[in-house]
Amino acid sequence: MYRDMTCGEPRRTDTGKIITLAGWVHRRRDHGGLTFIDLRDFSGLMQVVFNVDSAPDAHALAGDLRSEWVVQVKGTVQERRAGAENADLPTGAVELLVSELTVLNQSKTPPFEIEDDLHVADEVRLRYRFIDLRRPRMYKNLKLRHDVIQVSRTYMAANGFLEIETPILLKSTPEGARDYVVPSRVHPGSFYALPQSPQQLKQILMVSGVDRYFQFAHCFRDEDLRADRQPEHTQIDFEMSFVEQDDVLQVLEELYTTILRETRPDLEVPTPFPRLTYAEAIERFGSDKPDLRFGMEVSRLTDIASGSGFGVFESVVASGGVVRAIVAPGCADYTRRQTDGLVEFVRSSGAQGLIPIHISESAGKSGSLDEVTLDDIRSPIRNHVSLETLKEMARTAGAGPGDLMLIIAGPERVVNVAISNLRSEMGRRLELADPGVFRFVFVVDFPLFEWDDDRDGWAATHHVFSSPRPQDVELLDSDPGAVIGQLYDLVCNGVELGSGSIRIIDRAVQEKVFGLIGHSPEEVAERFGQLLRAFEYGAPPHGGMGLGLDRIVMLLAGEDNIREVIAFPKTQAAVDPLFDAPAPITQEQLDELSIRVVDSGG
RNA sequence: GGCCCCGUGGUGUAGCGGUCCAACAUGCCGCCCUGUCAAGGCGGAGAUCGGCAGUUCGAAUCUGCUCGGGGUCGCCA
């Protein structure tokens, strides 16, 4: 062993011990005859002292040390002089008086410093990820991720779930996301596809009688990246036999409360997790993943707007659009500059624009709208809409004197995206969401199908094996859009953590679903043949869930980007700057795979 | 594919038509220093301003294209 202790371990009780430590030179403070080194490893910092009087050789050598050199030091743990303790360090009561110094490895000057409060471009951090990860904050995130995995595994195993690995090299199921594909050498012209999730595999395992399966599954999707999306991510994936929706939700609630209790006991987690139907979530928050830590619910002004006299509103309503609003409490004094910023914000969310209505605080000392006059209102639509209509809008939205109404008009989907993003943004700006609370919510009763304009047909909201509610099976024939599925999402603080469903095991229902989505029997056989074949041999009722591990760790770590909790993530262009992946392969490799690369002409 | 923001010594920023062969902080190098812990003092090196093409008497600064990074809409069953 190169060491007797880690750098973060020595305490006052170790005083007098002769020990050897090893680590990285974090910082050097050279006072001439006396030199201090902060020695760092994963566990913390230890101050080591080189004194020219007590160890002249070591002291001389210490003068050569530079940041990030790897060294081994032997010496005596001693209490620091009175007044020289460092209360900021766990090891701050002691220091190591060095007798011997060994340089284990030298280091180039690092491209950036090892400190938590860092502002370095992501690309530089990723190119030098090995240095980036030396930052205590990054180590802490890696450790937290480890802890979440351990806690989850322990919980799942204790509850009868069997951890089973499934193939990474599998088959393309050309639906949903784009596949990452891998060419087969043995079968020229054929390709494996990396799984977007182990969906069919875990269902087959249920048919196999496994009863309960789980896995930390790597999932691959060749789609554009976001702050919360990487081309490969990890899911806590599970499936259970002989269960109904409530059984699955109960496991979820227990799993997440356990994770929270074990990893962040300081956080408040209201239980039981409330349930919100999809319809209610959209109506109240414009989103199926609302942050329930604050109110600011979205109201609907469509009816009032239709006869308001304001052309934009009227034409939007006439063309089937909606008008929705939120109220920013106490923001009536927002400047033009501030509201322009909000307009810009909603445009970046896809909306055409944003109509603010300021209701002066000085209006109506009673705090009601009754005494509000036109003079109290500031808005671009002030001169187009009657005072009564403006008041009616305010009343419906729940705005009063001192408040700022923010109104968005347009097609329902566009408005919902923009208004819910705006709600989140205002929540952030006004600091309405308590960061110490994790407010989980189950969003349930999703429609089974949604209309796909591109394909001009129905598409599965979740996936094709998700079951309708028993009472909605008849609607498959008469009104597919009204069919509610046994679909559920777990949402926390505005982040979608995962979704799942009870699966279809009834052959007739399954065929209707395929028919509605427009899959031909040939397509069905090609994509889902293996699962359907399995289902012919006795499939138990079952259901499950896929949960984003990266996202929950991100939330627990207090980060706002999953790259911070993934050891080696990719940039927005799906590049790994450390390995420079992806990269061309050699002609020999291409030949072996029977692949010819066509110059794209770029 | 669309939109927005960013790109200046190693790192992070300032400069936004001439006063900039570019400023500040930090890091780096050298010397001094026995109680520091973001050590301190003194001295020094280091960027032709992402790339290309334009506009202009003159471009880090304006325009176009392009490359890279970030955010987002679409997309992500």
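Chain naming here is simple, since letters A, B, ... match the order of the sequence lines and numbering starts at 1 in each.
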**Q** Can you tell me the distance, in whole Å, between the CD atom of A/Glu123 and the P atom of B/G12?
**A** 11 Å
**Q** Regarding A/Ser466, tell me which of base, sugar-phosphate or nothing describes its non-hydrogen contacts under 4.0 Å with the strands shown.
**A** nothing
**Q** Measuring only the C1' atom in each nucleotide, how far is B/A53 from B/C67? A whole number of Å is fine.
**A** 14 Å
**Q** For A/Thr35, which contact category applies under a 4.0 Å heavy-atom criterion: base, sugar-phosphate, or nothing?
**A** nothing
**Q** Calculate the interatomic distance between A/His26 atom NE2 and B/C37 atom C1'; express it in whole Å.
**A** 10 Å
**Q** With a non-hydrogen cut-off below 4.0 angstrom, is A/Ala418 in contact with a base, only sugar-phosphate, or nothing?
**A** nothing
**Q** Below 30° counts as parallel, above 60° as perpendicular, anything between as tilted: where do the rings of A/His31 and A/Phe36 land?
**A** perpendicular
**Q** When rounded to the nearest Å, what value does the distance between P atoms of B/C52 and B/C31 take?
**A** 40 Å
**Q** Among B/C4, B/G12, B/C73, which nucleotide has an atom closest to any side-chain atom of A/Glu344?
**A** B/C4
**Q** Can you tell me whether the side chain of A/Arg226 and the base of B/G74 have a donor-acceptor pair closer than 3.5 Å?
**A** yes
**Q** Specify the separation, in whole Å, of atom CD of A/Glu79 and atom C1' of B/U36.
**A** 18 Å
**Q** Please test A/Tyr180 against A/Phe220 for ring pair (Phe, Tyr, Trp, His ring centres under 6.0 Å), starting from the C-alpha separation and ending with a verdict.
**A** CA-CA 7 Å; A/Tyr180 278 101; A/Phe220 306 89; 7.0 Å; no
**Q** If you look at every strand shown and take non-hydrogen atoms under 4.0 Å, does A/Arg413 touch a base, only sugar-phosphate, or nothing?
**A** nothing
**Q** If you measure only the distance, is there a donor-acceptor pair under 3.5 Å linking the side chains of A/Tyr213 and A/Asp237?
**A** yes
**Q** Using atom P in both nucleotides, what's the gap between B/A14 and B/G40 to the nearest angstrom?
**A** 25 Å
**Q** Taking atom types as they are modelled, would you say the side chain of A/Asp224 forms a donor-acceptor pair with the base of B/G74 within the 3.5 Å cutoff?
**A** yes
**Q** So, using side chain to side chain donor-acceptor pair (under 3.5 Å) as the criterion, who are the partners of A/Glu564 when residues are at least two apart?
**A** A/Arg125
**Q** Can a donor-acceptor pair be found between the side chains of A/Gln510 and A/Asp506 at a distance below 3.5 Å?
**A** no
**Q** Hunt down the Watson-Crick or G-U wobble partner of B/C28, both distances under 3.5 Å, from any strand shown, or write none.
**A** B/G44
**Q** May I have the distance from A/Asp580 (atom CG) to B/G69 (atom P), rounded to whole angstrom?
**A** 11 Å
**Q** What contact category does A/Val52 fall into here, base, sugar-phosphate, or nothing, at under 4.0 angstrom with non-hydrogen atoms?
**A** base
**Q** Going by purine N1 to pyrimidine N3 plus the second Watson-Crick contact, or the G-U wobble pair, all under 3.5 Å, which nucleotide sits opposite B/G7?
**A** B/C67
**Q** Using the six-membered ring wherever Trp is involved, compare the ring planes of A/Phe514 and A/Phe528 and label them parallel, tilted or perpendicular (cut-offs 30° and 60°).
**A** parallel
**Q** Starting at CG of A/Leu225 and ending at C1' of B/C73, how long is that distance when rounded to a whole Å?
**A** 15 Å
**Q** Looking at B/U36, B/G69, B/U72, which one has an atom nearest to any side-chain atom of A/Arg80?
**A** B/U36
**Q** Taking any heavy-atom pair under 4.0 Å as a contact, classify A/Ala84: base, sugar-phosphate, or nothing.
**A** base
**Q** Is any N or O donor-acceptor pair between the side chain of A/Arg229 and the base of B/C76 shorter than 3.5 Å?
**A** yes
**Q** If the P atom of B/G41 is compared with that of B/U36, how far apart are they to the nearest Å?
**A** 14 Å
**Q** Using a 4.0 Å heavy-atom cut-off across all strands, classify A/Gln199 as base, sugar-phosphate, or nothing.
**A** base
**Q** Categorize A/Asn561 for me: base, sugar-phosphate, or nothing, with a 4.0 angstrom heavy-atom threshold over every strand shown.
**A** sugar-phosphate
**Q** Would you say the side chains of A/Asp41 and A/Thr6 form a donor-acceptor pair under 3.5 Å?
**A** no
**Q** Nearest whole Å is fine: how far is B/C28 P from A/Arg66 CZ?
**A** 8 Å
**Q** Tell me: CD of A/Glu425 to P of B/C4, nearest whole Å?
**A** 18 Å
**Q** Counting the atoms with a prime plus P, OP1 and OP2 as sugar-phosphate, which does A/Arg347 contact under 4.0 Å by heavy atoms, base, sugar-phosphate, or nothing?
**A** nothing
**Q** With heavy atoms under 4.0 Å as the rule, sort A/Gln200 into base, sugar-phosphate or nothing.
**A** nothing
**Q** Of the listed nucleotides (B/G10, B/U72, B/C73), which one gets closest to any side-chain atom of A/Val417?
**A** B/C73
**Q** For the side chain of A/Gln572, starting at C-beta, report the closest nucleotide among B/C37, B/C28, B/U72.
**A** B/U72
**Q** Need one value for A/Gln47: base, sugar-phosphate or nothing, where a base atom within 4.0 Å counts as base even if backbone is also close, heavy atoms only.
**A** base
**Q** Flag as yes if A/Phe36 stacks onto the base of B/U36 (centroids under 5.5 Å, planes under 30°), otherwise no.
**A** yes
**Q** For nucleotides 39-47 of chain B, tabulate all protein N/O to nucleotide N/O atom pairs closer than 3.5 Å, reporting atom names and distance.
**A**
from: B/A39; atom 1: OP2; to: A/Arg27; atom 2: NE; distance (Å): 3.2
from: B/A39; atom 1: OP2; to: A/Arg29; atom 2: NH1; distance (Å): 3.3
from: B/A39; atom 1: N6; to: A/Asp30; atom 2: O; distance (Å): 2.6

**Q** Does a donor on one side chain sit under 3.5 Å from an acceptor on the other, for A/His463 and A/Arg503?
**A** yes
**Q** In whole angstrom, give the distance that lies between atom CG of A/Asp452 and atom P of B/G74.
**A** 13 Å
**Q** Find the partner of B/C49: check Watson-Crick (N1-N3 plus N6-O4 or O6-N4) and G-U wobble (N1-O2, O6-N3) distances, both under 3.5 Å, and reply none if neither fits.
**A** none
**Q** Please state the C1' separation for the pair B/C76 and B/A25 - nearest whole angstrom.
**A** 42 Å
**Q** Is a donor-acceptor pair below 3.5 Å formed from side chain A/Glu95 to base B/G35, judging by atom type as modelled?
**A** yes
**Q** Cut-off 3.5 Å, side chains only: do A/Gln215 and A/Thr166 have a donor facing an acceptor?
**A** yes
**Q** Dump the intermediate steps for ring pair (Phe, Tyr, Trp, His ring centres under 6.0 Å) on A/Phe442 and A/Tyr488, then the final yes or no.
**A** CA-CA 7 Å; A/Phe442 292 122; A/Tyr488 36 86; 7.8 Å; no
